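Owing to the predicted nature of the structure, the values given are computational and were not obtained by experimental measurement. Positions are given from 1, in the same order as the sequence printed here.
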Amino acid sequence: MPEHKRTATGVLGGLAGLVGLSAVAGLLVAATVTPAIAVTGAAASSAISIFDNMPSILKIDKLMQPTTIWTGDQVLAQFYDQNRQPVEFDQVAPVMYDAILSSEDPRYYQHGGVDLIGTTRALLSNAQGGQTQGGSSISQQYVKNVLIQKCERDAVAERDDAGEVIRTRDEVLQSCWTEATTASGVEGYERKLQEMRYAIQLEKEYSKNDILLGYLNIANFGGTNYGIEAAARYYFNVPAAELSLGQAATLAGIVQNPNTYRIDRGERGTIFDADGVAYNKAPDGSIDDVNPGTIQALNTLRDEGTITPEQYLAAADGYSATKGRQLYVLSRLLDDGKITRDQYVAAAVEPITPQITPASQGCSASAAPYYCQYVVSVIRNDPAFGETAEERLRSLRQDGLNIHTTLAVDVQNAAQKAMDDYAPASVEGMRFGAASVSVEAKTGRVLAMAQNTRFTEDADVAASDPAYTSIVYAGDRQFGASDGFEAGSTFKLFTLIDWLEQGRSVNEVVNGRDRPVPNMTNSCYGDYINYDKTRVRNFNNQSGYNGTPMQFTRQSLNTGFFGMAAELDLCDIAKVAKKMGVTLANGSDIEMRNGYTVIGSDAVSPLAMAGAYATVANGGVYCQPKVIDRVTDTDGTERPELVPVRSCTPVLSPEVAATAASALAGVMNGGTGAQGNPYDGTPLIGKTGTHETKQSWMIESSTNVATAVLAGTVEGQGDIARTWYNGRRLMDIRYPMARDIQRVANQFYGGDRFPAPDNNLTRRVTREVPDVVGQTIEQATATLTDAGWEVVVGEPVDSDQPTDIVAAQSPSGSAPGGTPITISPSNGQAGAVPDVTGQAPVKALATLRQTFPEATLGTCTEDPEGGPQGRVTGTDPAAGTVAPRSTAITINYTSADCD
């Protein structure tokens, strides 16, 4: 509250009030506490001492005000314990000041904080009745409200040593008011005297106008409506500056006893008995109490002929108790000369006609309720807003903060439209949920968050109707109260990243055949052994094959990623997920204790998964998700200490990120995610995922924005593969939803080309090829396949081996990974040329013709050493050559006489 100079008269009035009231109050307190010595000087002196020793300085805290959540210049939601909009002095209609002063403190500008005449009269009356009543100046009432608010600000539920609630927070709040206003006996007098002490000192420090405005800004006007601006807008839908005489008099009456005179609990008519006594009529038509004299002023006007009977009945119809109080205020204004007789009559005959306009509170009225709820969960859980839960709740409901969020209206609108267009709010026979979230890759700013359900915080409604919930499906248990969803094949990202971080190439051939899930190493929690030889099939019953991670990623081949994981360490894969911001939805680290986790059996949050893919798109830099850009006070002062700390950290090498992006780009271009590609010219990476028939995912990202879409069962079972909505399987709505959202994100945020993949991580890897010549076709195929080679059975070749024996293979020795190995079986139609060297030609011919019937004698060379029978020197083809049996083998020999 700003300080203003006070007049000399005001200061002297305050001092005189302090001296005079000390004596009067002292005698009155003494009369109540110690009647026997009330007349002695000692009693008066003691009372004066008590008064003087009371604290005189009252610390005026900032008013409790609504906290407002913003997106740009639009209000997303407000939260408050007290609906209040503080105003400046000239933002209140002068008639409101007149009404409150005439009815509550007509000598306000003459006294020094305490109205001695009114207070003395009230204290004397209280001394006789034993109950403190009335007599408080505006300054004293302001002091009382300040003290009440201090109590209310710190109110928390009271618990015993075992943690059981003794008094609820609502009960504690009620006691703040009760103890400050209805204390009796000595305690009541001491409270009154303390109010007086504070009030006198208060007027030394602040101007009359400031105190009066302070009172109107802090006072309760019924329910959660505090301050004149909120009251004017709530009850009459006008700003305080535009209040009429009748409205101002009504509000001045309400503030005297808010819960009695408030006019928002249904219209209360007035009926009369034969004697003209007014009775209150409840909204249901019952007569609930008698209020004689309520309309005495109207009776007077009627009897004197100032108003007609019709005007009388119209004025009396409705809110009779409040009308009576309004008439009292109007009469005080008339007596003080602040209104004319005509103004008085016009206001008196005008019925009280409220136009109740509740101030919206909470996320239910928000255009983005689940995004709003996520922000609220951050405020209520992040230490930036307070070390304790109570402090964080005060930040949300009392501190009047302006929370400026990261929400992008255009992307949010697209997300909600996609949700409305493609996803049902509920599905019979299952608890169905769909969610989308978009994240700015380079900052972690959450741009949009949409959900298929209708937002409510009514637990009974949510329990009875699956279309309603307050759970934020895109979030986790801490931020959003969600238990997450099985990630399916979107989780394969982390195996791909670990593969690359181990220096392995995306073009290296891996055994991805359809087989039992292979055993896997886990150096942190113990290896996974598939004792039951369990098999996990591929999506749409694709057949497994030996292929590369590039192929496996594009086609989302389960068996391929099992093969990759079998050559890695599950513990390392889990560590990759953690450093890329993904944990279980309950906050625990992912452990990957079994092989099935490779293909996404763990429950995680869509927001975390969107952040992980954004990390790849951002060149390996992970940015923690953030929904709050900045926080300011009610006066616009920046509060950087209240902004939750979020950072961006390099977690992958640029080479790994670029190579992973090249594999994920194949998903969006002809791969499993092609249906989700808007094909608007913006390069995209992405991944699809399903978990049995329960969950389906589509995650895609440009270099600037990542979008994750989930559709599946929230709890229990359900078959989204066989359930249809608007012509689509529930499993497939992920594609158009992600496509439409990403198209708008691309329109406003764009996207660049992804960096080229690393040469080393895309190299063709040369590996040893097993020699299978001589093995059966079946044995050879198994040998090569188990070694990770693709096998092609070629045409039979000439061989003397049986027809099921491999007679040739190509290539052999070593070859680049991914090269098909051709094995050629024997045709069984060949033989090896026997070695007949040195034999007589005739004998050799007989030997050869056993295998090669067309064998013939060839060239003879005369040589005395050949002898008369001759001697074979060689054959053509040579000995050992495998040749068809129809081959004419020629025998070459020498002889002493060739003729």
Side-chain angles (χ1 to χ4, degrees), residues 63-66 78 80-89 91-105 134 136 138 140-149 151-153 173-174 176-178 180-181 211-268 318-330 332-333 347 352-361 397-398 400:
L63 291 171
M64 291 163 59
Q65 294 188 51
Q78 280 194 323
Y80 55 79
D81 283 337
Q82 297 182 359
N83 177 33
R84 177 183 283 111
Q85 302 175 51
V87 289
E88 298 298 328
F89 195 85
Q91 292 177 299
V92 179
V95 68
M96 187 67 227
Y97 292 122
D98 289 341
I100 202 73
L101 291 176
S102 288
S103 59
E104 295 292 324
D105 192 354
S136 293
I138 289 294
Q140 288 174 260
Q141 293 186 50
Y142 178 50
V143 166
K144 177 177 66 179
N145 278 278
V146 169
L147 294 173
I148 291 173
Q149 183 171 234
C151 176
E152 291 174 334
R153 180 182 290 276
L173 286 171
Q174 181 61 40
C176 288
W177 172 265
T178 301
T181 58
I211 295 172
L212 177 58
L213 178 64
Y215 170 68
L216 284 177
N217 274 328
I218 199 173
N220 175 248
F221 286 83
T224 59
N225 298 293
Y226 288 77
I228 188 60
E229 181 72 9
R233 292 184 181 275
Y234 175 71
Y235 288 115
F236 299 112
N237 196 27
V238 296
E242 298 177 12
L243 287 167
S244 68
L245 171 60
Q247 292 168 342
T250 300
L251 293 179
I254 288 176
V255 78
Q256 197 268 343
N257 196 329
N259 287 325
T260 296
Y261 298 126
R262 57 191 295 185
I263 52 175
D264 60 346
R265 291 178 170 172
E267 188 170 350
R268 299 173 61 84
Y319 310 106
S320 62
T322 308
K323 184 67 178 180
R325 183 66 188 173
Q326 180 208 44
L327 291 172
Y328 167 76
V329 175
L330 291 171
R332 298 302 303 143
L333 285 165
I352 294 177
T353 309
Q355 188 174 343
I356 304 301
T357 310
S360 63
Q361 177 178 199
R397 304 187 64 85
Q398 299 180 4

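Side-chain N or O atoms of Arg84 include one that pairs as donor or acceptor with a backbone N or O of Ile218 at under 3.5 Å. Side-chain atoms of Asn237 do not come within 3.5 Å of backbone N or O of Gln355 as any donor-acceptor pair. Between the side chain of Tyr235 and the backbone N or O of Gln247, no donor-acceptor pair lies under 3.5 Å. Proximity of a side-chain donor or acceptor of Asp105 to a complementary backbone N or O of Ser136 within less than 3.5 Å is not detected. The closest donor-acceptor contact from the side chain of Gln398 to the backbone of Asp81 lies at 3.5 Å or more, if one exists at all. When atom types are taken as modelled, the side chain of Gln326 and the backbone of Gly246 share a donor-acceptor pair closer than 3.5 angstrom. Without hydrogens or angle criteria, Arg325 side chain to Ile254 main chain gives no donor-acceptor distance under 3.5 Å.
Closest non-hydrogen pair, Gly253 versus Val329, comes out as N-CG2, 4.0 Å. The nearest pair of heavy atoms linking Leu243 to Ala232 is CD2-CB, 3.7 Å. Considering every non-hydrogen atom in both Ala248 and Ala99, the closest pair reads O-CB, 4.0 Å. Across all non-hydrogen atoms, the minimal contact from Asn220 to Asn145 is N-OD1, 4.3 Å.
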Would you please test Tyr226 and Leu63 for side chain to side chain contact (heavy atoms under 4.5 Å, CB included) and show each step?
-> CA-CA 10 Å; Tyr226 288 77; Leu63 291 171; over 6 Å; no
Show the numbers, then the answer: is there a side chain to side chain contact (heavy atoms under 4.5 Å, CB included) between Leu212 and Leu101?
-> CA-CA 9 Å; Leu212 177 58; Leu101 291 176; 4.0 Å; yes
Test Thr357 against Tyr234 for side chain to side chain contact (heavy atoms under 4.5 Å, CB included), laying out the working first.
-> CA-CA 5 Å; Thr357 310; Tyr234 175 71; 5.8 Å; no
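Interatomic distance, Phe221 CZ to Asn259 CG, rounded to the nearest 0.5 Å: 13.0 Å. To the nearest 0.5 angstrom, Phe89 atom CZ is 11.0 Å from Asn217 atom CG. Rounding to the nearest 0.5 Å places CZ of Arg332 at 13.5 Å from CD1 of Ile100. Taking OG1 from Thr322 and CG from Asn257, the interatomic distance works out to 10.0 Å, rounded to the nearest 0.5 Å.
Contact of the Tyr261 side chain with the Thr250 side chain is not registered, since no non-hydrogen atoms from C-beta on lie closer than 4.5 Å. Within the 4.5 Å cutoff, side-chain heavy atoms of Leu251 are placed close to those of Met96. In this structure, the side chains of Glu229 and Pro239 come closer than 4.5 Å at one or more pairs of heavy atoms. Proximity of Leu245 to Leu333: side-chain heavy atoms (C-beta onward) are separated by under 4.5 Å at one or more points.
Among Gln91, Arg233, Gln65, the one residue that satisfies the side-chain contact (heavy atoms from CB on, under 4.5 Å) test with Gln85 is Arg233. Of the candidates Lys144, Gln140, Gln141, Tyr215 forms a side chain to side chain donor-acceptor pair (under 3.5 Å) with just one, namely Gln141.
Annotation: side-chain hydrogen bond (donor to acceptor under 3.5 Å, both in side chains) contacts of Glu152 (sequence neighbours excluded): Gln82.
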